[in-house]
4 protein chains.
Amino acid sequence: MTNVVQSKSTDRKVEILDAALTLFVKKGFHRTSIQDIADAAGITKGGLYHYLKSKEEILFSLHERFISEGFEKLKLIEEESLLPEEKLVKLLEAHLEIIHDYKDAITIFYKEYNNLSPENYKIVLKKRDDYEDIFVNALEEGRINGVFNIENSRITSFFILGASNFMYHWYNPNGEKPLDELARIYLNMIKHGILNE
Amino acid sequence: MTNVVQSKSTDRKVEILDAALTLFVKKGFHRTSIQDIADAAGITKGGLYHYLKSKEEILFSLHERFISEGFEKLKLIEEESLLPEEKLVKLLEAHLEIIHDYKDAITIFYKEYNNLSPENYKIVLKKRDDYEDIFVNALEEGRINGVFNIENSRITSFFILGASNFMYHWYNPNGEKPLDELARIYLNMIKHGILNE
Amino acid sequence: MTNVVQSKSTDRKVEILDAALTLFVKKGFHRTSIQDIADAAGITKGGLYHYLKSKEEILFSLHERFISEGFEKLKLIEEESLLPEEKLVKLLEAHLEIIHDYKDAITIFYKEYNNLSPENYKIVLKKRDDYEDIFVNALEEGRINGVFNIENSRITSFFILGASNFMYHWYNPNGEKPLDELARIYLNMIKHGILNE
Amino acid sequence: MTNVVQSKSTDRKVEILDAALTLFVKKGFHRTSIQDIADAAGITKGGLYHYLKSKEEILFSLHERFISEGFEKLKLIEEESLLPEEKLVKLLEAHLEIIHDYKDAITIFYKEYNNLSPENYKIVLKKRDDYEDIFVNALEEGRINGVFNIENSRITSFFILGASNFMYHWYNPNGEKPLDELARIYLNMIKHGILNE
DNA sequence: CATGAATGAGAATTCATTCAT
DNA sequence: TATGAATGAATTCTCATTCAT
């Protein structure tokens with residue numbers, strides 16, 4: 001899946017990014033200094049610049065890392081030949097798993113993306129749109145088939161993603177509800193709503 | 001509804017806060033300098049400090065303004081004697097209205113609240129919890145009555161609020177869908193889900 | 001001794017000066033703001049400027065108040081016709097009394113006089129010199145008479161004043177030793193030294 | 001005596017401290033800006049912060065430098081086995097020498113120590129007390145032996161140190177009286193007083 | 001007399017980034 | 001690769017003083 005052999009440099013870079021992510025989550029992008037990151041990564045400020053050429057690049061790399069991996073995951077599901085309902089379920093399960101795995105990265109994504117350079121901002125937003133489009137397309141397919149009783153696939157997509165994304169504000173991986181249990185509850189509400197009929 | 005007569009200072013402070021809000025939304029809290037705010041408000045840097053004693057107080061005031069007004073609105077509905085379903089509908093309509101009216105404030109609330117001082121952070125989080133509790137209580141009432149087919153009122157509340165709050169990421173007040181139309185669509189999904197049964 | 005009838009303004013000014021003195025002792029001249037002084041005196045910042053035209057004038061007035069009164073006291077003793085030893089004793093007793101009464105003013109005098117404007121600096125230093133000269137003259141008279149076994153009246157004067165002035169660093173008016181007891185001890189050391197002979 | 005080999009950084013730091021000391025004596029702590037110090041030391045403001053992390057640390061370092069060296073000097077004398085009178089004489093000669101060598105540092109010590117942070121304030125005051133205790137102990141030893149005709153060693157210590165310390169207000173190293181001459185005069189007054197008997 | 005608003009200059013400090021070694 | 005020194009621009013905040021009302 002991932003490269004087993006990585007150069008020392010790559011390791012070092014990953015360490016720096018991990019350290020940065022932790023700090024960004026705790027203190028925010030601007031309140032975290034390059035010095036802080038260097039300290040946390042066990043490197044000097046000057047040394048850090050051998051791996052990453054600016055603070056913005058750190059932020060961008062963090063975005064990239066999470067959004068690319070997430071997109072790849074969904075893409076694989078999209079390409080499977082599944083019924084709309086099954087596809088939506090699998091997409092959503094994957095999405096919740098991504099939220100679980102990349103809680104920190106998602107947190108800073110929603111808070112700090114406007115600190116990206118205009119060029120990187122565009123790249124990231126494009127990927128986010130592609131990500132969302134996978135949901136929109138799955139919903140649209142089901143809407144046309146008559147499986148989903150929805151008016152507008154995009155609005156529905158935002159509805160579902162919104163409900164899911166909000167989880168990063170409150171979801172505690174060590175809390176009482178395991179993720180698959182939550183996924184079941186969420187799916188149920190999405191499919192049938194909350195009203196007893 | 002609002003005071004018609006306000007002292008000059010109150011006006012000035014409101015001007016400063018409005019200017020700050022606009023800038024915070026556009027550039028984020030840290031990338032907006034006091035100088036930027038003062039310029040936008042047509043006042044000198046020193047003058048600004050006559051009305052607000054720190055940059056953090058500006059952020060806090062913006063939070064306060066929106067979260068207190070929002071809470072009052074919901075509180076009034078909570079105190080009406082309504083059936084659970086009716087109450088939830090009214091609460092949600094009010095909530096979407098608040099999102100509509102305070103889109104900018106909510107944007108910076110979710111992005112920048114961790115720039116508040118510890119004391120103000122506590123105050124704001126307390127109010128946010130009170131706000132959410134109104135939804136949780138309404139859902140719990142319906143759950144006990146058997147009107148709502150839900151397992152857990154808090155998770156359901158987060159589900160609904162999450163879906164709604166995410167609107168501030170994409171909702172355009174001048175877009176094709178008017179707010180009441182969106183409210184109808186959202187309510188429908190919350191009540192009945194998306195599956196054709 | 002002092003005016004029994006004073007205008008309201010004069011009272012107000014005295015209040016301001018007293019408030020300022022207390023604050024200067026506690027926090028130093030620069031760390032005390034005009035706002036602090038105004039607050040302590042129960043007046044507004046703008047109001048304060050009706051009584052004193054600058055922060056420096058406050059400092060100068062405090063110096064004046066203490067150094068003029070002190071000088072007058074010594075002057076009266078100087079003009080009495082006394083034997084050198086008696087005169088020195090009376091001068092020193094008066095000096096210690098002044099230190100007792102104006103501990104705070106003396107503290108800020110030695111710490112903050114270099115914050116005076118050049119003109120006021122000159123005035124204050126002139127008065128300090130006049131004050132010291134009274135001691136030098138008394139010593140010189142005794143030296144010529146052969147009452148005092150000293151080489152240089154100025155150095156001796158500094159020796160005596162130094163020993164006395166240092167008291168403001170440690171003298172506690174509510175401590176175990178009353179002032180007259182201290183005066184006796186000091187005079188004894190000045191007259192006979194510390195060696196058993 | 002002192003390290004012959006010092007790192008470049010140590011040199012730079014010493015340069016900054018020396019520049020600061022000169023300026024503090026001339027203009028006082030608060031009227032000297034970091035910019036002033038940086039300019040005088042031939043470094044940029046930002047560069048200065050590479051060596052010292054705050055203005056307060058500059059002040060503290062200046063205090064430390066002088067008070068630690070002074071204390072070491074006295075400590076060595078205290079540990080010699082000398083008769084009380086001889087010990088007092090040597091202590092006082094050393095003390096006057098310290099005043100001669102560190103006139104500037106002592107000046108700002110007495111004027112500006114209340115600008116230290118509470119923690120550093122404590123440290124400095126502790127050292128000052130230790131310094132004074134050396135004199136108190138020497139006097140107490142002589143008082144018990146009957147060599148000194150004094151009532152209270154602490155008051156006597158303050159008397160002597162006060163007389164000596166005051167020298168920094170008027171002593172001019174290039175004046176007519178060399179230091180050892182002054183030491184002789186002072187010692188004479190301390191030992192025998194000023195009265196012809 | 002008194003006030004509150006406003007000013008403008010200056011202060012300490014932070015920090016991303018560069019670069020000689 | 002790695003470092004520590006250095007830079008320079010930006011930033012928040014303070015404050016003595018003025019002045020219209």
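What you see is a predicted model; the values in this text were computed from it and never measured.
With respect to A:D18 and A:K13, no salt bridge is recorded, no charged nitrogen being found less than 4.0 Å from a carboxylate O. Salt-bridge formation is detected for the pair D:E15/D:R12: a Lys NZ or Arg NE/NH1/NH2 atom is positioned less than 4.0 Å from an Asp or Glu carboxylate oxygen.
Heavy-atom distances to DNA chain E give each of D:Q35 and B:G46 a nearest nucleotide, and the one nearer the 5′ end belongs to B:G46. Heavy-atom nearest nucleotides on DNA chain E were determined for C:K45 and for D:S33, and the one closer to the 5' end corresponds to C:K45. Place D:I43 and B:E56 on DNA chain F by their nearest nucleotides, and D:I43 ends up nearer the 5' end.
Taking atom OH of residue A:Y51 and atom P of nucleotide F:dA2, one finds them 4 Å apart after rounding to whole Å. Between B:H50 atom NE2 and E:dT3 atom P there is a gap of 13 Å when expressed in whole angstrom units. Atom CD1 of A:I16 is separated from atom P of F:dT1 by 11 Å (rounded to the nearest Å). Remark: P of E:dA16 and CD1 of A:I58 are 9 Å apart, rounded to the nearest angstrom. Spacing between atom OH of A:Y49 and atom P of E:dC19 amounts to 12 Å, rounded to whole angstrom units. Here F:dT11 presents its P atom at 20 Å from CD1 of D:I34, a figure rounded to the nearest Å. Taking atom CG on B:L48 and atom P on F:dC15, their separation rounds to 17 Å, with Å as the unit. Whole-Å rounding puts the A:L52 CG to F:dT1 P distance at 13 Å.
Contacts of C:T22 classified as side chain to side chain contact (heavy atoms under 4.5 Å, CB included), with partners at least two apart in sequence or in another chain: none.
The cationic atom of A:K55 (NZ for Lys, CZ for Arg) lies less than 6.0 Å from the six-membered ring centre of A:F29 and within 45° of the ring axis. For the pair D:K111 and C:Y113, the distance from NZ or CZ to the six-membered ring centre is under 6.0 Å and the angle to the ring normal is within 45 degrees.
Using a distance-only test at 3.5 Å, with no hydrogens or angles considered, no donor-acceptor pair links the side chain of A:D39 to the main chain of A:D36.
Side-chain N/O atoms of A:R12 include none lying less than 4.0 angstrom from OP1 or OP2 on F:dT1.
Note on C:K53: nothing from the nucleic acid sits closer than 4.0 angstrom, heavy atoms only.
No side-chain N or O of B:N115 forms a donor-acceptor pair with one of B:E56 less than 3.5 Å apart.
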| task | Whenever both distances are under 3.5 Å in a Watson-Crick or G-U wobble pair, mark it; put DNA chain E into dot-bracket that way, with [ ] for crossing pairs and | when the partner is on another strand. | result | .||||||||||||||||||||
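Applying ring-ring contact (aromatic ring centres under 6.0 Å, His included) to B:H63 and the options B:F24, B:Y102, B:F109 leaves one that passes, B:F109.
Each of E:dG4, E:dT7, F:dC13 was ranked by its minimum atom distance to the side chain of B:T44; first place goes to E:dT7.
In this structure, the side chains of D:R31 and C:H30 come closer than 4.5 Å at one or more pairs of heavy atoms.
E:dC1 and F:dT21 have their C1' atoms separated by 13 Å, given to the nearest Å.
The aromatic rings of A:Y168 and A:Y110 lie parallel to each other, their planes meeting at an angle below 30°, with 60° marking the opposite boundary.
Interface residues of residues 24-32 of chain D facing DNA chain F, ordered by number: none; criterion, heavy-atom separation under 4.0 Å.
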